[in-house]
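Presented below is the structure to which this report refers.
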Number of protein chains: 2
Amino acid sequence: MQLIKSINSVKKQIRKAKKTGKSIGLVPTMGYFHEGHLSLIRKAVKECDVVVISIFVNPAQFGPGEDYLRYPRELSRDLHLAEEESVNIVFAPSAKSMYPNGYQAYVNVEKMSKVLCGISRPSHFRGVVSVVAKLFNIIEPDIAYFGGKDAQQAIIVDRMVKDLNMNVKLKVLPIIREKDGLAMSSRNTYLNKMDRKNAANLYKSLKGAKRLINSGTRDTNRIIHTMRKMIKSVPHAQIDYISVVDAKGLKPVKRLKGKILIALAVYFGKTRLIDNIIVRL
Amino acid sequence: MQLIKSINSVKKQIRKAKKTGKSIGLVPTMGYFHEGHLSLIRKAVKECDVVVISIFVNPAQFGPGEDYLRYPRELSRDLHLAEEESVNIVFAPSAKSMYPNGYQAYVNVEKMSKVLCGISRPSHFRGVVSVVAKLFNIIEPDIAYFGGKDAQQAIIVDRMVKDLNMNVKLKVLPIIREKDGLAMSSRNTYLNKMDRKNAANLYKSLKGAKRLINSGTRDTNRIIHTMRKMIKSVPHAQIDYISVVDAKGLKPVKRLKGKILIALAVYFGKTRLIDNIIVRL
């Protein structure tokens with residue numbers, strides 16, 4: 001396995017592999033791997049000749065006052081895990097090389113970036129899709145792998161790829177959860193013991209929503225009301241949003257029909273957690 | 001020569017050519033070819049194995065009330081000229097296929113799009129770089145050719161390519177002028193006889209600026225003042241801007257030093273003309 005930090009070096013390596021007809025898989029990450037990341041990596045290794053994992057805590061997707069500086073980083077552990085999974089290249093550029101002086105080109109998926117997480121994080125998805133666009137240009141992957149936890153991110157990246165005619169196939173893999181149902185996230189490490197325990201409530205509320213739907217409920221307000229009650233039943237949980245939207249355009253729906261995304265963001269203290277389920281009706 | 005209107009078809013053709021190791025040259029145009037376009041096409045044919053000319057009057061780069069609908073179009077003449085120059089593929093997609101329902105991903109070179117032409121055309125460069133990004137993804141050219149008349153466009157596209165790590169080399173070729181010095185433009189066709197004659201004054205003002213510089217003037221205000229007087233000496237000429245900026249970051253300079261762009265936009269009636277010179281000091 002190679003650890004490459006330079007954009008030009010990784011471009012050269014990739015070009016060499018492409019010339020011999022090898023397929024390239026990319027797993028873009030911010031590092032601090034958990035089983036969610038590893039599920040993406042394993043899938044990429046199974047499907048592609050050359051697998052590149054990018055590890056880059058992307059400053060452009062953090063807002064002022066957010067956790068860019070304290071976001072957990074542990075490169076040596078990540079490298080060890082990547083090596084164990086037979087990854088070919090770990091690409092870990094510096095922020096300075098990704099955003100040199102005078103940097104000012106950004107991609108924006110304009111409407112869909114303004115809803116759900118985009119309300120409390122107004123420049124987040126601009127940062128996400130811009131760095132993803134950069135990584136796609138640097139690595140030129142045949143397939144890129146994303147986790148399902150940030151459903152909005154996956155939907156927005158998909159929209160960017162389609163709108164800008166990018167030559168990459170996206171695969172979005174299922175959320176990997178802890179035993180009590182909490183969606184795995186590098187940010188779970190921020191939680192104290194009690195909040196960590198209570199955070200399992202988020203997935204319980206999503207399962208509760210699913211039960212309601214399975215028993216025939218189609219009314220969005222009733223679902224949100226039930227979820228809200230369940231989440232608010234533990235201390236410290238501050239709901240950022242609970243939204244029921246169509247899973248393609250992220251527009252709110254009043255009555256459930258088609259492919260639906262039920263997504264939430266909840267703060268425990270300063271820690272913001274997200275989770276979601278997708279239901280088909 | 002092939003005329004291809006479908007995005008998928010042209011992608012397939014290009015992929016086939018790339019597999020055999022052929023280099024791809026792209027000349028992105030809005031059609032209605034003049035000698036400026038032809039100079040780009042000839043250069044591309046000289047330098048690349050496969051030359052693609054895109055002809056697309058891009059709605060995203062026209063503001064409300066601008067000349068999108070009346071912009072001159074003459075596809076059959078353009079095809080004839082392209083064929084004579086041994087172009088391989090003319091790619092002429094429909095607006096609907098480039099911007100389907102729900103389209104919302106745009107690239108923005110944020111700061112440099114707000115100055116010079118960006119002041120009176122606030123969404124223009126967002127439209128330009130977005131369609132250029134799309135064309136780069138569709139055609140995957142090794143080299144793309146741009147005219148020097150829209151200097152700001154070329155500088156902004158260059159910034160996008162660098163910032164987003166795109167895999168294309170840009171070549172910006174010199175402005176081609178009419179005998180009286182007027183920069184060739186599809187929009188010159190809008191001018192009535194008198195305005196057409198008076199429009200030659202724009203280049204005269206730029207040459208006047210160069211004379212001042214050659215005789216030792218370094219003061220921006222004096223240069224702009226002299227140009228303004230010369231342009232205003234003919235009827236109907238309404239100055240949009242005359243700017244003296246550094247040719248990399250497009251920031252205004254008070255005293256000339258380094259690589260300098262002197263750019264102007266002037267209305268004759270509804271017709272907006274641009275021109276520029278670059279000087280090195």
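Values reported hereafter were calculated over all heavy atoms of this structure, with side chains retained and with hydrogens, waters and symmetry mates removed. Throughout, a chain's letter reflects where its sequence line sits, starting with A, and its residues are numbered from 1. What you are looking at is a predicted structure, and each value in this text was computed from that prediction instead of being measured.
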- How long is the gap from CG on A:Leu281 to NZ on A:Lys257, to the nearest 0.5 Å? 11.0 Å
- In terms of heavy-atom pairs under 4.5 Å, which option from B:Ile138, B:Val109, B:Asn167 contacts chain A the most? B:Asn167
- Query: If you check every heavy atom in residues 44-53 of chain A against those of chain B, which residues fall under 4.5 Å?
  - Reply: none
- Task: Could you check if a side-chain atom of B:Leu69 sits within less than 4.5 angstrom of a side-chain atom of B:Phe62, using non-hydrogen atoms only?
- Result: no
- Item | A:Asp240 and A:Ser120: side chain donor to acceptor below 3.5 Å | yes
- Can you tell me how far the CG atom of A:Asp142 sits from the OG atom of A:Ser23, to the nearest 0.5 Å? 5.5 Å
- Highest number of heavy-atom pairs under 4.5 Å with chain B among A:Lys19, A:Met166, A:Lys162 belongs to A:Met166
- Message: Given the ring of B:Tyr68, does B:Arg73 sit roughly above its face, with NZ or CZ under 6.0 Å from the centre of the six-membered ring and within 45° of the axis?
- Response: yes
- Message: Are the side chains of B:Asp67 and B:Arg272 in contact, using a 4.5 Å heavy-atom criterion?
- Response: no
- Message: Given heavy-atom pairs under 4.5 angstrom as the criterion, report whether the side chain, backbone, both or neither of B:Leu164 touches chain A.
- Response: both
- Query: Most heavy-atom pairs under 4.5 angstrom with chain A, which of B:Met98, B:Lys111, B:Lys134?
  - Reply: B:Lys134
- Side chain, backbone, both or neither: which part of B:Lys11 has a non-hydrogen atom closer than 4.5 Å to chain A? side chain
- Message: Shorter than 4.5 Å, heavy atoms on both sides: which option in A:Lys248, A:Met160, A:Met112 has the most such pairs with chain B?
- Response: A:Met112
- Task: Tell me yes or no: between the side chains of B:Tyr99 and B:Asn58, is some donor less than 3.5 Å from an acceptor?
- Result: yes
- Check whether any side-chain heavy atom of A:Ile41 lies under 4.5 Å from a side-chain heavy atom of A:Tyr145, and answer yes or no. no
- Any residue meeting salt bridge (Lys or Arg N to Asp or Glu O under 4.0 Å) with A:Asp275, in chain and number order, not counting sequence neighbours: A:Arg177
